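What's counted below: heavy atoms across the whole structure, side chains too, no hydrogens, waters or symmetry copies. Residue numbers start from 1 in every chain, and the chains themselves are labelled A, B, ... in the order their sequence lines are given, proteins ahead of strands. Since this is a predicted model, take the numbers as computed values, not measurements.
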Number of protein chains: 2
Amino acid sequence: MVNSRVSVAIHILSLIATTNDANQLTSDWIAGSVNTNPVVIRRISSQLKKANLIASNPGVAGYQLVKEPKDITLLDIYRAVQAPEELFAIHDNPNPECAVGQRIQSTLNNVYHSVQRAMEDKLTEETLQDVLDQLFH
Amino acid sequence: MVNSRVSVAIHILSLIATTNDANQLTSDWIAGSVNTNPVVIRRISSQLKKANLIASNPGVAGYQLVKEPKDITLLDIYRAVQAPEELFAIHDNPNPECAVGQRIQSTLNNVYHSVQRAMEDKLTEETLQDVLDQLFH
DNA sequence: CAACTTGTAACCGCATTAGTTACATCAATC
DNA sequence: GATTGATGTAACTAATGCGGTTACAAGTTG
């Protein structure tokens with residue numbers, strides 16, 4: 001299962017996108033909405049910042065979106081908070097002396113590739129704006 | 001990331017589908033091809049058996065496919081070894097007094113649903129036979 | 001009976017995750 | 001310029017899930 005950082009990141013970005021008062025947008029206040037520790041918010045915000053999705057300044061309260069919600073895809077968010085990895089794990093060191101063991105890894109890689117691609121395509125289709133539309137239907 | 005049990009399950013099923021000598025198909029021998037402990041093989045085989053994909057008998061060596069490889073989809077295998085769960089985790093107890101916190105869970109559920117659906121559709125498209133075709137191209 | 005097998009329970013070490021404490025650094029305000 | 005309150009990070013903890021392993025019950029075959 002994909003960890004909850006993606007969900008928290010979307011929550012954070014939704015708050016940033018819809019909160020007018022910048023002074024209100026502290027990691028403490030966001031943590032109150034997400035219901036977690038402020039450090040968890042700052043940790044994920046740091047990843048969103050490195051991915052160039054939000055901006056912030058040490059010492060000054062608040063976060064700002066760098067792009068418009070319609071230009072932030074869920075894949076952008078996913079990749080911002082998720083270590084780059086394959087969706088499916090493949091076991092290590094299958095026996096090369098076995099016909100199946102010898103070719104199972106490359107075969108699985110091929111098979112899984114289209115599955116992961118399908119997932120990422122869907123994540124690309126949906127943007128932060130779509131999330132906002134659903135939040136305030 | 002999805003754990004490696006799916007990959008090991010496909011490996012096991014590939015061996016069963018392509019090994020003629022039933023006496024050879026012990027959990028010990030399969031473990032030698034996968035390169036793991038025989039108990040890991042029996043554990044996953046037990047799940048495949050409960051999912052009605054393979055058959056076996058206590059005390060007698062070997063496993064047999066219950067269906068033809070073309071009738072075993074990767075989703076069948078995925079569901080056999082994977083606890084039924086959502087692909088994306090959603091954080092617990094967001095603040096109901098916040099407009100975003102109040103609706104984020106149901107919104108994320110909707111958003112993630114189509115993504116998971118896309119993945120499962122792809123897993124349904126590919127069968128054990130496709131894997132065998134790629135293994136012995 | 002002896003030598004095998006499958007099936008399962010139980011435990012271990014490791015990695016990952018979310019939560020937390022602590023603190024360095026910076027900015028705004030009195 | 002000292003105080004206050006913010007971001008940014010390092011470091012630690014508890015809980016969880018994973019694959020690997022030992023042990024053993026129960027069955028089959030020769």
Side-chain angles (χ1 to χ4, degrees), chain A residues 1-9 11-12 15-16 19 21-32 34-51 54-64 80-94, chain B residues 1-9 11-12 15-16 19 21-32 34-51 54-64 80-94:
Chain A
M1 189 193 272
V2 175
N3 63 47
S4 69
R5 287 199 298 270
V6 180
S7 295
V8 173
H11 191 147
I12 293 171
L15 289 172
I16 298 175
T19 304
D21 183 5
N23 279 23
Q24 187 183 17
L25 260 179
T26 65
S27 61
D28 232 66
W29 183 81
I30 297 174
V34 174
N35 190 26
T36 184
N37 191 289
V39 174
V40 172
I41 301 301
R42 295 204 286 272
R43 197 184 284 153
I44 294 176
S45 295
S46 169
Q47 297 182 286
L48 295 173
K49 193 174 177 178
K50 281 174 186 151
I54 65 175
S56 62
N57 297 100
V60 42
Y63 297 89
Q64 307 84 39
V81 300
Q82 198 73 19
E85 64 178 17
E86 305 301 319
L87 183 56
F88 292 88
I90 298 179
H91 50 294
D92 293 327
N93 307 317
Chain B
M1 189 193 273
V2 176
N3 64 46
S4 68
R5 286 199 298 269
V6 180
S7 295
V8 174
H11 191 147
I12 293 172
L15 289 173
I16 298 175
T19 304
D21 183 6
N23 279 23
Q24 188 183 17
L25 261 178
T26 65
S27 62
D28 231 66
W29 182 82
I30 297 174
V34 174
N35 191 25
T36 183
N37 191 289
V39 175
V40 172
I41 302 300
R42 297 204 285 273
R43 198 185 282 154
I44 295 176
S45 296
S46 170
Q47 297 182 286
L48 295 174
K49 194 174 176 178
K50 282 174 184 148
I54 66 175
S56 62
N57 298 102
V60 42
Y63 296 89
Q64 306 84 39
V81 299
Q82 198 73 18
E85 64 178 17
E86 306 300 319
L87 184 57
F88 292 88
I90 299 178
H91 50 292
D92 294 327
N93 307 316

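In this structure, B:Ile44 atom CD1 and C:dT6 atom P are separated by 15 Å, rounded to whole Å. C:dG19 atom C1' lies 14 Å from atom CG of B:Asn93, rounded to whole Å. Rounded to a whole Å, the CZ atom of B:Arg43 is 13 Å from the P atom of C:dA10. To the nearest angstrom, P of C:dT6 lies 17 Å from CD of B:Gln47. Distance A:Leu48 CG to D:dT9 C1': 16 Å, rounded to the nearest Å. When rounded to the nearest whole Å, the span between CG of A:Asn23 and C1' of C:dA27 equals 12 Å. The distance between atom CD of B:Gln24 and atom P of C:dT5, rounded to the nearest whole Å, is 12 Å. A straight line from CG of B:Leu25 to P of D:dT28 spans 19 Å, rounded to a whole angstrom.
Residue B:Ser45 is out of contact with every strand shown, counting any heavy-atom pair closer than 4.0 Å. Looking at heavy-atom distances under 4.0 Å, A:Asn37 makes contact with a base. B:Thr36 comes within 4.0 angstrom of the backbone, heavy atoms only, and of no base. Here B:Val40 lies in heavy-atom contact (under 4.0 Å) with a base. At a threshold of 4.0 angstrom between heavy atoms, the contacts of A:Val39 include nucleobase atoms, whether or not backbone atoms are also involved. Nucleic acid contact class of A:Asn57 (heavy atoms, under 4.0 Å, all strands): sugar-phosphate only.
Here A:Ser56 contributes atom OG and A:Leu48 contributes atom CG; the two are 10.0 Å apart, rounded to the nearest 0.5 Å.
Toward the 5' end of DNA chain D, the nearer of the two residues A:Ala61 and B:Asn35, judged by each one's closest nucleotide, is A:Ala61. When the nearest nucleotides of DNA chain C are assigned to B:Gly59 and A:Ser4 by heavy-atom distance, the more 5′-ward of the two goes with B:Gly59. Nearer to the 5' terminus of DNA chain D, by closest-nucleotide assignment, is the contact made by A:Val60 (compared with the other of A:Val60 and B:Arg42).
For A:Met1 against B:Ala89, the heavy-atom pair with the smallest separation is SD-CB, 3.4 Å. Across every non-hydrogen atom of A:Arg5 and A:Val81, the tightest pair is NE-O, 3.2 Å.
Atom CD of A:Glu86 is surrounded by 12 or fewer heavy atoms from other residues, nucleotides or ligands within 6.0 Å.
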Original post:
What do the steps show when you test A:Asn35 against B:Asp92 for side chain to side chain contact (heavy atoms under 4.5 Å, CB included), and what is the final call?
Top reply: CA-CA 8 Å; A:Asn35 190 26; B:Asp92 294 327; over 6 Å; no
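In this structure, B:Ser56 reaches the C:dG7 phosphate: one of its side-chain N or O atoms is under 4.0 Å from OP1 or OP2. Within the 4.0 Å cut-off from OP1 or OP2 of C:dG7, not a single side-chain nitrogen or oxygen of B:Ser46 is found. Side-chain nitrogen and oxygen atoms of B:Lys49 include none within less than 4.0 Å of the OP1 or OP2 phosphate oxygen of C:dT6.
With distances taken from any side-chain atom of B:Thr26 to the nucleotides C:dA27, C:dT5, D:dG8, the minimum falls on C:dT5. Picking from C:dG7, D:dT9, C:dC26 the nucleotide with the shortest atom distance to the side chain of B:Tyr63 gives C:dG7. Taking only side-chain atoms of B:Asn3, from C-beta outward, the nucleotide of D:dC18, D:dT9, C:dA18 with the closest atom is D:dC18.
At distances below 3.5 Å, not a single donor-acceptor pair connects side-chain atoms of A:Ser4 with backbone N or O atoms of A:Ser7.
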